[in-house]
Amino acid sequence: MSEPISALNHASYEGIVKVEECGLQGMITLRGDLSDKVLAKAVKDATSQKVPGQREALVNGDTGVCWMSTDELLVLVPYAEVEAKLAAMANALSGTHALAVNVSDARAVFRISGASAREAVGKLAPVELSTEAFQPGQIRRSRLAQVAGAFWMDDAETFRVVCFRSAADYVFKLLKVAAQPGSEVGFY
């Protein structure tokens with residue numbers, strides 16, 4: 001049997017920021033009533049995190065949970081654990097109106113790090129990224145040029161970007177252009 005590989009097999013680029021494809025990440029889309037106590041317990045059991053509030057990302061390394069909409073969460077777990085976590089979640093949610101689906105192999109994840117990370121991401125997404133408007137622990141679903149994406153900050157100089165795997169090469173090329181040496185705008 002073949003081994004799973006990430007969309008771009010850890011491609012990276014160094015310019016005004018470092019752009020890295022993060023590799024395999026376990027991801028579960030969870031839809032349901034986010035105020036449901038059974039759903040909240042399933043999330044807590046899978047990630048050790050509470051259900052996040054609106055536009056909140058509670059992520060530590062490759063584990064966490066992100067608010068995606070009023071009835072949707074993105075649950076992050078180590079790739080090797082995703083099937084077991086999904087099975088446990090499905091078992092816990094039995095009898096509850098909810099949907100949990102493994103989307104790990106349908107997504108790609110990038111890390112953008114460095115002092116100009118806000119600037120690089122800001123060139124691609126129509127989102128206010130000033131330090132007053134966007135902080136670590138927040139998430140935005142938006143677009144990256146012409147494709148859908150979501151991003152959050154792990155710390156003051158590090159973003160993680162999630163997109164569809166089918167758009168991974170396009171997003172990587174966009175990020176490389178946004179990170180070209182000499183492309184600093186100095187807005188953030």
Side-chain angles (χ1 to χ4, degrees), residues 2-29 55 57-69 72-82 101-131 133-188:
S2 63
E3 292 295 316
I5 61 169
S6 63
L8 300 178
N9 204 17
H10 300 280
S12 67
Y13 175 81
E14 187 108 23
I16 64 171
V17 293
K18 186 170 186 178
V19 178
E20 308 167 84
E21 194 250 1
C22 294
L24 298 172
Q25 170 67 62
M27 290 182 256
I28 299 167
T29 292
R55 291 187 300 276
L58 306 173
V59 181
N60 185 9
D62 60 359
T63 303
V65 61
C66 302
W67 181 93
M68 299 302 277
S69 73
E72 181 181 355
L73 301 174
L74 180 63
V75 178
L76 304 170
V77 297
Y79 187 83
E81 298 175 17
V82 70
V101 178
N102 179 356
V103 296
S104 307
D105 296 325
R107 306 285 187 270
V109 183
F110 296 93
R111 179 178 299 107
I112 298 87
S113 56
S116 297
R118 285 180 192 275
E119 189 168 310
V121 174
K123 291 176 185 178
L124 306 177
V127 174
E128 171 60 68
L129 293 178
S130 68
T131 55
F134 195 74
Q135 291 289 318
Q138 296 179 321
I139 188 168
R140 293 295 185 275
R141 286 180 83 169
S142 185
R143 61 183 167 80
L144 306 163
Q146 299 299 313
V147 297
F151 52 86
W152 65 89
M153 297 182 79
D154 288 327
D155 58 50
E157 293 188 352
T158 308
F159 280 79
R160 265 198 277 174
V161 173
V162 176
C163 67
F164 289 112
R165 184 183 179 111
S166 60
D169 187 55
Y170 174 75
V171 170
F172 182 64
K173 288 175 181 172
L174 288 172
L175 289 165
K176 281 174 48 176
V177 169
Q180 286 182 351
S183 70
E184 298 90 337
V185 177
F187 187 73
Y188 295 110

| Are the side chain of Glu81 and the backbone N or O of Tyr79 linked by a donor-acceptor pair below 3.5 Å? | no
| Beyond-backbone contact of Cys66 with Leu73, side-chain heavy atoms, under 4.5 angstrom | no
| task | May I ask you to test the Val185-Lys123 pair for a side-chain heavy-atom distance under 4.5 Å? | result | yes
| Taking side chain as C-beta onward, heavy atoms only, is Met27 less than 4.5 Å from Leu76? | yes
| What distance do Ser142 atom OG and Leu124 atom CG have between them, rounded to the nearest 0.5 Å? | 10.0 Å
| If we only count heavy atoms from C-beta on, is the Val59 to Trp152 side-chain gap below 4.5 Å? | yes
| said: If you compare all heavy atoms of Arg165 against all heavy atoms of Ile5, which two are closest, and at what distance to 0.1 Å? | reply: NH2-O, 3.1 Å
| CA sep, side-chain torsions, deciding dist, call: Arg160, Glu20, salt bridge (Lys or Arg N to Asp or Glu O under 4.0 Å) | CA-CA 9 Å; Arg160 265 198 277 174; Glu20 308 167 84; over 6 Å; no
| task | Answer yes or no: is there a side-chain heavy-atom contact under 4.5 Å between Arg140 and Met153? | result | no
| task | Compute the ring centroids of Phe110 and Tyr13, then answer whether they are less than 6.0 Å apart. | result | no
| Shortest non-hydrogen contact from Pro78 to Thr63? | CD-OG1, 3.5 Å
| said: Could you measure the distance from the OG1 atom of Thr29 to the CE atom of Met68? Nearest 0.5 Å is fine. | reply: 7.0 Å
| task | State, yes or no, whether a side-chain contact exists between Phe151 and Val162 at a heavy-atom distance under 4.5 Å. | result | no
| message | Walk me through whether Val147 and Val171 qualify under side chain to side chain contact (heavy atoms under 4.5 Å, CB included). | response | CA-CA 8 Å; Val147 297; Val171 170; 3.6 Å; yes
| Residue pair Glu21 / Ser6, side-chain donor-acceptor N/O under 3.5 Å | yes
| request: Using the side chain to side chain contact (heavy atoms under 4.5 Å, CB included) rule, take Lys176 and Glu14 through it: C-alpha gap first, then chi angles, then the decisive distance, then the call. | output: CA-CA 8 Å; Lys176 281 174 48 176; Glu14 187 108 23; over 6 Å; no
| field | Thr158 side chain to Asp155 side chain, donor-acceptor N/O pair below 3.5 angstrom | value | yes
| Smallest separation among heavy atoms of Val177 and Ser183, with atom names | O-OG, 4.3 Å
| query | Should we say atom CG of Asn60 is surrounded by more than 12 heavy atoms from elsewhere, each under 6.0 Å from it? | reply | no
| Any idea which heavy atoms bring Leu8 and Ala168 closest together, and the distance? | CD1-O, 3.6 Å
| Point-to-point distance, once rounded to the nearest 0.5 Å, from CD of Glu157 to OG of Ser113 | 8.5 Å
| message | How long is the straight-line distance from CD of Glu119 back to CD1 of Ile112, given to the nearest 0.5 Å? | response | 13.5 Å
| message | With a 4.0 Å cut-off on N to O distance, would you call Arg118 and Glu128 a salt bridge? | response | no
| query | So, for Gly182 and Ile16, which heavy atoms are closest and what is the spacing to 0.1 Å? | reply | N-CG2, 4.2 Å
| said: Please evaluate residues Ile28 and Val101 with respect to the criterion side chain to side chain contact (heavy atoms under 4.5 Å, CB included), reporting the C-alpha separation (whole Å), side-chain torsions for both, the decisive distance (0.1 Å), and the verdict. | reply: CA-CA 5 Å; Ile28 299 167; Val101 178; 5.9 Å; no
| message | Nearest 0.5 Å, please: how far is CD1 in Ile139 from CG in Leu74? | response | 6.5 Å
| Side-chain donor/acceptor of Gln25 to backbone N/O of Val77, under 3.5 Å | yes
| Rounded distance [0.5 Å steps], CG in Leu144 versus OH in Tyr170 | 8.5 Å
| Looking only at heavy atoms, what is the nearest atom pair of Ala7 and Ala108, with distance? | CB-CB, 4.0 Å
| request: Could you tell me whether the side chain of Arg55 reaches within less than 4.5 Å of the side chain of Gln138, counting heavy atoms only? | output: no
